[in-house]
Trainee: 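Take this structure first; my questions come after.
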There are 2 protein chains.
Amino acid sequence: MEMDNKIELSEDIKEMARITKAMGHPVRLYILQKLSRMNACCYSGDLVDELPVGRSTLSQHLKELKYAGLIQGEIEPPYIKYCLNRENWKKAKEMFHQLFNADQEL
Amino acid sequence: MEMDNKIELSEDIKEMARITKAMGHPVRLYILQKLSRMNACCYSGDLVDELPVGRSTLSQHLKELKYAGLIQGEIEPPYIKYCLNRENWKKAKEMFHQLFNADQEL
DNA sequence: TTCCTATTTCGCAAAATAACGAAATGATAA
DNA sequence: TTATCATTTCGTTATTTTGCGAAATAGGAA
């Protein structure tokens, strides 16, 4: 016994897990939801006014979303304008679509 | 200054974050992916053979998915058969659909 | 230059997560 | 009863995450 059928988890699934993990926090989800509505963008200052976290905490969350590729920031002194990274957003959308519709594919 | 426009994050978004968080790990995503294909169910023993984690670790992951409502286990001595919780899976699917298609709604 | 203003980085503490092996559980088989 | 089998829970450790306030940064205005 103790056969080695162990697999290495694929890069695809690791990548999706990274993205999903980045989405798995109420504050970050709120930001993504807000940005995905229309082609809205927003400033850190707007978000810190409405969200129940401090500036530095919010900055961390934005950093994580940026690192995961879900958003991007354009410097627009003295602000930074954050928008969805539409390309990666579309990729994420497709990943989730595949996951949730796997039972309907032949 | 220092207006109190702070919102409380909605239960909806917190709930979605809980679910998303539960999905945000490669092992858990692998399990969900596997279960969502066809009406497949599986046993902890099958999974531990293929996944690069120990039995107790796998058990924890299954517990988390169960707690998040994404899977359910039926006792089938001496095994436990794990299947998707189709009802909640559908809810999750709709949540993600809304998030990713928010820009296309009127 | 010096002074704002928006935002990020740093340094820290508390809490949560991930992983393991050993021990416990619960059900069946001998 | 005792043994066996699949699985979970316990106890522990290492790491990551979340959050904050203070300090640093970078750009424009005075």
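Residue numbers begin at 1 in each chain, while the letters A, B, ... track the order of the sequences.
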Trainee: Among the clusters formed by ILVMFWY side chains lying less than 4.5 Å apart, do A:Y79 and A:L58 turn up in the same one?
Mentor: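 The answer is no; the residues belong to distinct hydrophobic clusters.
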Trainee: If you walk 5' to 3' along DNA chain C, what is the first nucleotide with an atom under 4.0 Å of a heavy atom in chain A, and what is the last?
Mentor: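 So the contact region on DNA chain C extends C:dA6 to C:dT9.
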Trainee: Keeping A:S59 on the side-chain end and A:R55 on the backbone end, is there a donor-acceptor pair under 3.5 Å?
Mentor: no
Trainee: Looking at A:D46, is its backbone amide N or carbonyl O close enough to the side chain of A:D49 to form a donor-acceptor pair, meaning the two atoms are under 3.5 Å apart?
Mentor: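 The answer is no, because no donor-acceptor pair under 3.5 Å joins these two groups.
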Trainee: Identify the two heavy atoms, one from B:V27 and one from B:H61, that lie closest to each other, and give their separation to 0.1 Å.
Mentor: CG1-CD2, 3.7 Å
Trainee: Could you run through nucleotides 18-30 of chain D and give me one letter per nucleotide, 5' to 3': B if any protein heavy atom sits under 4.0 Å from the base, S if only the sugar-phosphate is that close, - if neither?
Mentor: SBBBB----SS--
Trainee: Give a yes or no on whether the backbone of B:M23 and the side-chain of B:R28 come within a donor-acceptor separation of less than 3.5 Å.
Mentor: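 The answer is no, because no donor-acceptor pair under 3.5 Å joins these two groups.
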Trainee: Rounding to a whole Å, what distance do you find between B:I80:CD1 and D:dC5:C1'?
Mentor: 12 Å
Trainee: Mark yes or no for whether A:T20, through its side chain, and B:T20, through its backbone, hold a donor-acceptor pair below 3.5 Å.
Mentor: no
Trainee: Going by atom type alone, with no hydrogens or angles, which donor-acceptor pairs under 3.5 Å involve a side-chain atom of residues 81-95 of chain B and a protein atom two or more places apart or on another chain?
Mentor:
{"residue": "B:N85", "atom": "OD1", "partner": "B:E87", "partner atom": "N", "Å": "3.3"}
{"residue": "B:N85", "atom": "OD1", "partner": "B:N88", "partner atom": "N", "Å": "3.2"}
{"residue": "B:R86", "atom": "NE", "partner": "B:N39", "partner atom": "OD1", "Å": "3.3"}
{"residue": "B:R86", "atom": "NH1", "partner": "A:D103", "partner atom": "OD2", "Å": "3.4"}
{"residue": "B:R86", "atom": "NH2", "partner": "B:L35", "partner atom": "O", "Å": "3.4"}
{"residue": "B:R86", "atom": "NH2", "partner": "B:M38", "partner atom": "O", "Å": "3.0"}
{"residue": "B:R86", "atom": "NH2", "partner": "B:N39", "partner atom": "OD1", "Å": "3.1"}
{"residue": "B:N88", "atom": "ND2", "partner": "B:G69", "partner atom": "O", "Å": "3.0"}
{"residue": "B:K93", "atom": "NZ", "partner": "A:N101", "partner atom": "OD1", "Å": "2.9"}

Trainee: Between B:E76 (CD) and D:dC5 (P), how many Å, whole number?
Mentor: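 These atoms are roughly 19 Å apart.
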Trainee: Charged N to carboxylate O under 4.0 angstrom, B:R18 versus B:E64?
Mentor: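 Salt bridge: no.
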